[in-house]
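No experiment lies behind these values; they were computed from the predicted model shown. Proteins come first, then strands; the chains are lettered A, B, ... in the order of their sequence lines, and each starts at number 1.
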Amino acid sequence: MAVSAIKEYKGENKDRVENFHGAQLLYIGWEDHLMFCAPFAFPFPPQMRFGDVIEKVLPGTYGYHPDWARVDWSKVEWFKSGQPWTPNFNRSLAENGLGHKDVIRFRTPGLAGIGGSCS
Amino acid sequence: MDMKAAPKHKMGLKERYAAMTRGLDWETSYQPMDKVYPFDKYEGIVIHDWDKWQDPFRLTMDAYWKYQAEKERKLYAIIDAYAQNNGHLNVTDARYINTVKLFLQGVTPLEYMAHRGFAHVGRALRGPGPRIACQMQALDELRHAQTQVHAMSNYNRYYNGLHDWRHMYERVWYLSVPKSFFEDAVSAGPFEFLVAVGFSFEYVLTNLLFVPFVSGAAYNGDMNTMTFGFSAQSDEARHMTLGLECIKFLLEQDPANVPIVQRWLDKWCWRGVRLLSLVAMMMDYMLPKRVMSWKEAWEMYFEEAGGALFKDLARYGIREPKCMQQVRLEKDHLSHQVWTTFYNYGAAAAFHTWIPDADEMDWLSQKYPESFDKYYRPRMEYWREQAALGNRYYNKTLPMLCQTCQIPMLFTEPGDPTKICYRETSYLGDKFHFCSDHCKEIFEYEPEKYIQAWLPVHQIYQGNCFEPGTDPTAPGFDPLAAVLQHYHLNFGRDNLDFEGSEDQRNFAAWKGAVTRNQVG
């Protein structure tokens, strides 16, 4: 629907990719680990290797959790916009088909947070 | 000059109301009335007879000034006495003062915005009855903002986090939630504003905002906050009545208004519910002496009172807001999810956070038998153990936010508290994300409006939340520190855990000085 207004109403998208100085936003959530209260937002260059996100960035984000050290990356299930998805760790974000403001989640089978409470 | 003789008899209330709220304006001759009032038709609301608007209080301006002046005199006498007697040392615990900080940062600026909103709407409506009611409400809201600032300045002398609330309101991440709520309302048309603020907020939800804060103050020895609460209460009662009057007026004027009003009710009840998640955590976590649980307040003030209200409105063809089912499912989880979010981001909040003590956790288990022990106690106990080991959790990665309510995506799927609720849509080739179906629907109805959202996380990543001259490419650049500087938030004083805070130390020392003798 158009905004009801007394004349033509045009909004400016504040979060166009051009506004992020060469980066694009990627949102990442770890299923069953709600001690991290919400998924995270990251500004990454699209040329960044996907594996570098996992190996170099996420430890700083998720490392506080005792389950983090036990994650077996060969068993991790990935989702993009909620649909099953398979990333290639050696390809870039762009080559993995990740665009600005895409949301991905990962599930770590066997790991369900503090005392299995999804915390 | 000819002057008519003053009427001989003293006018009764009804007559006086008619004399002072009707026939005050004139029909313009050289400009069409639609140009004088350009805003009161474009939303599609049809008004046939503006005089059908009746203020149930029949309040006129002369009486208004008299009542308000009397209230002010009483209020300031008590605030002065409170200051002179070091009333701040009578609160239950210094943790309590964080609710005052939250109020000053997040609610008082809304009073001011409500003032602006009602002043604007008053100008926009061509019927003098509602125009005058809006004018008085605009003045009330301005008075509330002012008395709150004065009352809470008592605390600013002694405690951290209250020093720059106005600056923070425009910048700090969690304050974008109340700010964007009100900006959405004031940038809508005048009738939507009335339904949003006058009815949905002031009528349907106000008890859930004011009663918890004012009773919370009473339970926790904060005479100061209690007093401005009481001083505002009679105004609030009038606002509630006007909110209801406004809805009935719109619904009775024309059947075409019903679907428009219904859509606004769906939207604004939901937006209000999301905004009140701050109150939920305040009630269950921040008051050292609890009044009642959020869930109990919700059931009493929303499900019972609101349920009766919507039954009453059914005769106009209005049904209860769409979000009712979802909020019923959320009431067991809301306060816990919100408080743990602030615990996560305790380094970036201008008030203190903490883990509830053992007794408080038992209270939570008792009030939330379905949810607390199963889902929330484990994470809190883990954090408590870690804090005792010197490893207090501070989340330093910025969260994903909902495009509409701007709250971090902390809410879980309705019916499944183990899964975050993700919703997304595309507009003109860009993706947008939401915490719920309701926020998504609000966006999809007016995407041109919500693509303009100033989302704090994205603004930080765009480099718009640093002080002028900051170089984010400099070696060792600490983005969190730079953002807090921009917020005027003093690291180590305003933020972090309550345990070990300056507020905690000072309160203990001052209280000690009052009750004990100094030796040496």
Side-chain angles (χ1 to χ4, degrees), chain A residues 1-21 23-44 57-58 60-62 64-66 79 81-82 99-105 107 112-119, chain B residues 38-39 42-44 188-189 192 337 340-345 374-383 386 391 393 395-401 407-410 412 417-420 422 424 427-428 430-433 444-455 457-459 461-463:
Chain A
M1 277 291 289
V3 173
S4 51
I6 52 172
K7 54 187 177 195
E8 197 204 355
Y9 182 96
K10 236 18 223 142
E12 183 208 335
N13 176 3
K14 277 244 185 337
D15 295 322
R16 290 178 307 132
V17 68
E18 299 79 46
N19 298 350
F20 289 87
H21 312 289
Q24 62 181 32
L25 291 178
L26 180 63
Y27 304 111
I28 304 179
W30 184 6
E31 296 288 274
D32 309 329
H33 289 78
L34 300 186
M35 194 168 100
F36 305 102
C37 58
F40 293 108
F42 297 95
F44 293 137
V57 179
L58 295 191
T61 296
Y62 291 118
Y64 187 87
H65 202 292
F79 305 88
S81 288
H100 183 48
K101 296 173 82 181
D102 264 328
V103 58
I104 57 174
R105 296 184 245 176
R107 204 179 144 257
I114 311 292
S117 68
C118 291
S119 278
Chain B
F39 298 129
Y42 76 85
E43 295 171 278
E192 183 174 347
Q337 294 178 353
T340 50
T341 298
F342 277 94
Y343 187 80
N344 266 240
Y345 293 106
K374 193 169 173 196
Y375 302 108
Y376 305 105
R377 186 187 276 270
R379 70 190 72 157
M380 290 187 198
E381 291 186 339
Y382 182 76
W383 281 330
Q386 290 297 307
N391 189 28
Y393 180 50
N395 188 338
K396 294 190 187 75
T397 312
L398 304 184
M400 177 180 184
L401 306 178
I407 299 178
M409 297 262 296
L410 60 96
T412 48
T418 67
K419 293 260 176 284
I420 294 285
Y422 293 83
E424 67 175 74
Y427 180 67
L428 303 180
D430 265 303
K431 290 198 168 71
F432 295 91
H433 300 271
E444 285 179 330
Y445 195 80
E446 294 182 306
E448 283 292 326
K449 186 169 194 182
Y450 299 98
I451 58 171
Q452 303 168 67
W454 192 94
L455 297 180
V457 168
H458 297 174
Q459 290 299 313
Y461 285 150
Q462 289 178 28

Is the shortest heavy-atom distance from the side chain of A/Cys37 to the side chain of B/Tyr343 under 4.5 Å? no
Under 3.5 Å, side chain of B/Glu448 to main-chain N/O of A/Gly11, donor-acceptor pair present? yes
Would you say that B/His458 contacts A/Lys101 through its side chain, given a criterion of any heavy-atom pair below 4.5 Å between the two side chains? yes
Assert top hit (heavy-atom pairs under 4.5 Å, partner chain B, pool A/Ala23, A/Gly116, A/Gly115, A/Ser4) equals A/Ser4
Of the listed A/Ala38, A/Ala41, A/Gly113, the one with the largest count of heavy-atom pairs under 4.5 Å with chain B is A/Ala41
To the nearest 0.5 Å, atom OH of A/Tyr62 lies from atom CG of B/Asn395 at 9.0 Å
From the list B/Lys449, B/Arg379, B/Met380, B/Met409, the residue making the most non-hydrogen contacts under 4.5 Å with chain A is B/Arg379
Taking the side chain as C-beta and beyond, is there a heavy-atom pair between A/Leu34 and B/Thr412 under 4.5 Å? yes
Between atom CZ of A/Arg16 and atom CG of B/Asp430, what is the distance when rounded to the nearest 0.5 Å? 9.0 Å
Taking every heavy-atom pair that is under 4.5 Å apart, which of A/Phe40, A/Phe36, A/Tyr9, A/Phe42 has the most such pairs with chain B? A/Phe40
Drop me the distance from A/Lys7's NZ to B/Tyr42's OH, to the nearest 0.5 angstrom. 11.0 Å
When the 4.5 angstrom heavy-atom criterion is applied to B/Pro38 and chain A, the contacting part is backbone
Ring-plane angle category for A/Tyr64 and B/Tyr393, please: parallel below 30°, perpendicular beyond 60°, tilted otherwise. tilted
Best-contacting candidate, A/Ala2, A/Ser117, A/Pro39, A/Cys118, against chain B by heavy atom pairs under 4.5 angstrom: A/Pro39
By a 4.5 Å heavy-atom criterion (distance strictly below it), what part of B/Leu455 contacts chain A: side chain, backbone, both, or neither? side chain
Rounded at 0.5 Å granularity, tell me how far CZ in A/Arg105 sits from NZ in B/Lys419. 8.5 Å
Tell me, for B/Ala453 versus chain A, whether the close heavy atoms (under 4.5 Å) come from the side chain, the backbone, both or neither. backbone
Any side-chain to backbone donor/acceptor pair from A/Asp15 onto B/Gln459? Under 3.5 Å, distance only. no
Of B/Lys431, B/Glu424, B/His433, the residue whose pairing with A/Ser81 passes side chain to side chain donor-acceptor pair (under 3.5 Å): B/Glu424
Which atoms of B/Tyr461 approach chain A - backbone, side chain, both or neither, heavy atom under 4.5 Å: both
Check each atom of B/Tyr445 against the heavy atoms of chain A and say whether the ones under 4.5 Å are side chain, backbone, both or neither. both
